[in-house]
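For reference, the structure is listed below as structure tokens.
Residue numbering restarts at 1 for every chain, and letters A, B, ... go by the order of the sequence lines.
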Number of protein chains: 4
Amino acid sequence: MSPSTRDTDERVRGAAVRLFAEKGFHGTGIRELAEAAGLSSASLYHYMGTKHDLLTEIMETSLIRLVTAARRLVESGDGPAETLAALVRMHVAAHALRQEETIVVDNELRALTPERRDNVLALRDAYEHIWREIVEAGCAAQVFRVPDVKVARLALLEMCTGVARWYSPRGVLSLTEIASAHAAMALAMLGCTTPLPSDDYAIALVTEIWGA
Amino acid sequence: MSPSTRDTDERVRGAAVRLFAEKGFHGTGIRELAEAAGLSSASLYHYMGTKHDLLTEIMETSLIRLVTAARRLVESGDGPAETLAALVRMHVAAHALRQEETIVVDNELRALTPERRDNVLALRDAYEHIWREIVEAGCAAQVFRVPDVKVARLALLEMCTGVARWYSPRGVLSLTEIASAHAAMALAMLGCTTPLPSDDYAIALVTEIWGA
Amino acid sequence: MSPSTRDTDERVRGAAVRLFAEKGFHGTGIRELAEAAGLSSASLYHYMGTKHDLLTEIMETSLIRLVTAARRLVESGDGPAETLAALVRMHVAAHALRQEETIVVDNELRALTPERRDNVLALRDAYEHIWREIVEAGCAAQVFRVPDVKVARLALLEMCTGVARWYSPRGVLSLTEIASAHAAMALAMLGCTTPLPSDDYAIALVTEIWGA
Amino acid sequence: MSPSTRDTDERVRGAAVRLFAEKGFHGTGIRELAEAAGLSSASLYHYMGTKHDLLTEIMETSLIRLVTAARRLVESGDGPAETLAALVRMHVAAHALRQEETIVVDNELRALTPERRDNVLALRDAYEHIWREIVEAGCAAQVFRVPDVKVARLALLEMCTGVARWYSPRGVLSLTEIASAHAAMALAMLGCTTPLPSDDYAIALVTEIWGA
DNA sequence: GATGAATGAGCGTTCATTCAT
DNA sequence: TATGAATGAACGCTCATTCAT
């Protein structure tokens, strides 16, 4: 596979991510995608299977990276509070830096065929499972105090995922500031008032795993 | 207009809300919509303008109701903490009880033509403006303490809106419990530790405005 | 049949004539027709059979009137030149005063089903037969001198029929002047230089047969 | 563009000209057109823009050719009588040899959108302007004597255009004979008795400009 | 590797017409 | 007499995909 082939592969993938995020899977036509990738619609099929395959690949890659990052943080984590803060920072950074991919993951589950949806859902469940264990561990250790463990976890994830829906790289706050604010609010939500030192490791992990 | 006409109107609207929420606007075909409403695709056009008109109406109605409810709560609110808790309860209740409509509002902005999107965005901005004023008032009065006012407001809304994405009427927690948990977490996020009495007024308001 | 029924009948017919002339039979929708007649599309069907029936009736009525008028002129005619001039005046007057109906007759033959087209063609042939007999009689009597009898007849009719395509009641020339000019040119075309007195009988006949 | 592409282009155009002439623009369906061109309805769209675009192109091409031919004749014309005879021969030949295209031009103006109609009308006006100048020049030079200049011009054009409505290549008269008959009648109509030599240049010009 | 040509299926929408009220 | 409601069929057009070159 020549370098230019890989370039084209990435142009196609990039165009798909952008368009699927902007217009949705069903709202994006194959010709539109081809034009955005600088190819004819027939040529597109040298670089992908079907439109559905492309979507599936995007979603799976994105979720695998999230799971990978989360596992790394959990393995090297100190206590529940520190680990949860790291997860929040990582999740926020990923949803800000890879806004389009994560939006696709969040919005286009419904566009998948049942079989493929199951695969993707398994990945998403694996990711959420990591969060659940931390939240539950923190509650068990009475580091966290919440009205309801499950509701807290879901609310936490929705809050952090939402960053992808409003983040702009041109905003006044830096990504580090936004991530720290979320970490602080997350711990506050969980009734944990211990102040934590700022730490950019989780953000660095995102850039490592997703690429520059 | 006979009663059966209004019934059919509502069947069409109901089918649209359900399908648009489930499959997305672009993922829902006119014939599918017609079948769900128990009509031929031609008959559908007695009860709606275009498919776009139907989407627009759904989104606008939903947002107008949210704005109406929010204004009522703000007008009758005591202080920032009490008002914010009421807003949270109302928003959560609306997103749980009217899950499908609110999902459509959240996901299908991009399916609107620019002109109509502007209208809908103006409504959404009006709604968010109400939240902003409460959050800012609470911060000014030092009832709330947050890392960043804007980030806090956005995170809060994402957290509460997210209920529409996971709520199930068959869950173990009652809606009141979920709403209260969110109110408590919201205030915790905002650094406000004063305990608030539970209050079902905001939820009752939702059922009043949206109908049983 | 009440007077108002006849009024409505005529409103429907009038709207059809106008719209079929302006937009063509296939270019005119039944709802458009209903709106122009001030009725709902369902009510339209109290005043007509099908859209095709309406077209057929318009065309047949128009051609029957042309045949009637032509026969009256031929029966009371003096010689070929006088009779031909009268036919020209009548034809021009009918195509100016009943511009829309005659345009429909000329343009919409193709929209008829074969069976109905045959009926209408028989009427048209009857009308053209009258012209043919006059032209041929004039040639036989050496009152007319033309390069080719058939070509002359066809050219004559096209010239006179064309009036419906350009006549405007707001033009500077009166209908009498236009009719006389055509009569003069027709005779000139036929190589007949005898000057003829102007005579408004043929025009009066048109207003008599077609109504005011 | 391969030869077969051009062939298909012409098959599509040819089918459109034939069907639009026979059944009218609104009376011709896309599937009917596709079948006549030997393609699927989807493939049709490789060879045309919209159905309207196709109609517009047919009408504009036809009118541009008429204008081109007329200008060539006027530039090389001797006097008003000779030039007018040449115009008549050319117009008649074009309307006989390109019967279908000219019928489309004459009948389908109303099917165009206002903007496109304006373009086409400008071309038609340019063509009619050429005729007007010749008729007026002949009248000014007292070569022609007519009841009314404008009426004469309109009648002349209608007579000659009408050829498209009745000409058949299987008729007993040759095209040259028909064209000459019209030239003679036209001059007679205009009160011009000078006999003119027959001349096939105008007809040759038509076959040159329109193709064999 | 790249694409013009091709298409069956389906899109959202409108058609002329019928019928119960 | 009048019309809302209803529909099967068709409208013009685009879809994702394939394949020969």
Could you pull out every donor-acceptor pair under 3.5 Å between side chains of residues 22-37 of chain A and any protein atom, sequence neighbours left out?
residue	atom	partner	partner atom	Å
A:Lys23	NZ	A:Glu32	OE2	2.8
A:Thr28	OG1	A:Leu19	O	3.2
A:Thr28	OG1	A:Gly24	O	2.7
A:Glu32	OE1	A:Gly29	N	3.0

Note: for A:Ser40 and C:Gly49 on DNA chain E, the residue whose nearest nucleotide lies more 5' is A:Ser40

B:Ala42 has its side chain closest, among E:dT7, E:dT17, E:dT14, to E:dT14

Q. Do B:Arg31 side-chain and E:dG10 base share a donor-acceptor contact under 3.5 Å?
A. no

ask   = Salt-bridged, D:Arg116 to D:Asp53, with N to O below 4.0 Å?
value = yes

* Hey, mind stepping through D:Glu57 and D:Arg13 against side-chain contact (heavy atoms from CB on, under 4.5 Å) and telling me if it holds? -> CA-CA 9 Å; D:Glu57 190 276 329; D:Arg13 217 192 100 105; 2.9 Å; yes

Worksheet item: Any donor and acceptor pair, going by atom type alone, linking the side chain of B:Glu100 with main-chain N or O of B:Ala21 inside 3.5 Å?
Response: no

Worksheet entry | N or O in side chain of C:Ser43 less than 4.0 angstrom from F:dA2 OP1/OP2 | no

dist B:Ile58:CD1 -> B:Thr102:OG1 (nearest 0.5 Å) comes out at 12.0 Å

For [X] and [N], what is the distance between atoms [atom1] and [atom2] respectively, to the nearest whole Å?
X: D:His46; N: F:dT18; atom1: NE2; atom2: P; result: 15 Å
X: D:Asp9; N: E:dG4; atom1: CG; atom2: P; result: 14 Å
X: D:Ile30; N: F:dC13; atom1: CD1; atom2: C1'; result: 8 Å
X: A:Lys51; N: F:dT17; atom1: NZ; atom2: P; result: 7 Å
X: B:Leu39; N: E:dT13; atom1: CG; atom2: P; result: 15 Å
X: D:Glu32; N: F:dA10; atom1: CD; atom2: P; result: 12 Å
X: C:His26; N: F:dC11; atom1: NE2; atom2: P; result: 11 Å
X: A:Arg11; N: E:dG1; atom1: CZ; atom2: P; result: 14 Å

Touch class at under 4.0 angstrom, heavy-atom based, for B:Thr50 against every strand present: sugar-phosphate

Listing for DNA chain F: consecutive Watson-Crick or G-U pair runs of at least 3, distance cutoff 3.5 Å, ranges ordered by first number, gives E:2-21 with F:2-21

Whichever of D:Phe25 and C:Tyr47 has the more 5' nearest nucleotide on DNA chain F, that residue is C:Tyr47

Comparing B:Leu44 with D:Tyr45, nearest DNA chain F nucleotide closer to 5' gives the residue B:Leu44

#### Entry: Polar contact flag, side-chain donor to acceptor under 3.5 angstrom, A:Thr8-A:Thr5
no

Hits for side-chain contact (heavy atoms from CB on, under 4.5 Å) against D:Arg98, two or more places apart or cross-chain, chain-then-number order -> D:Glu101, D:Trp210

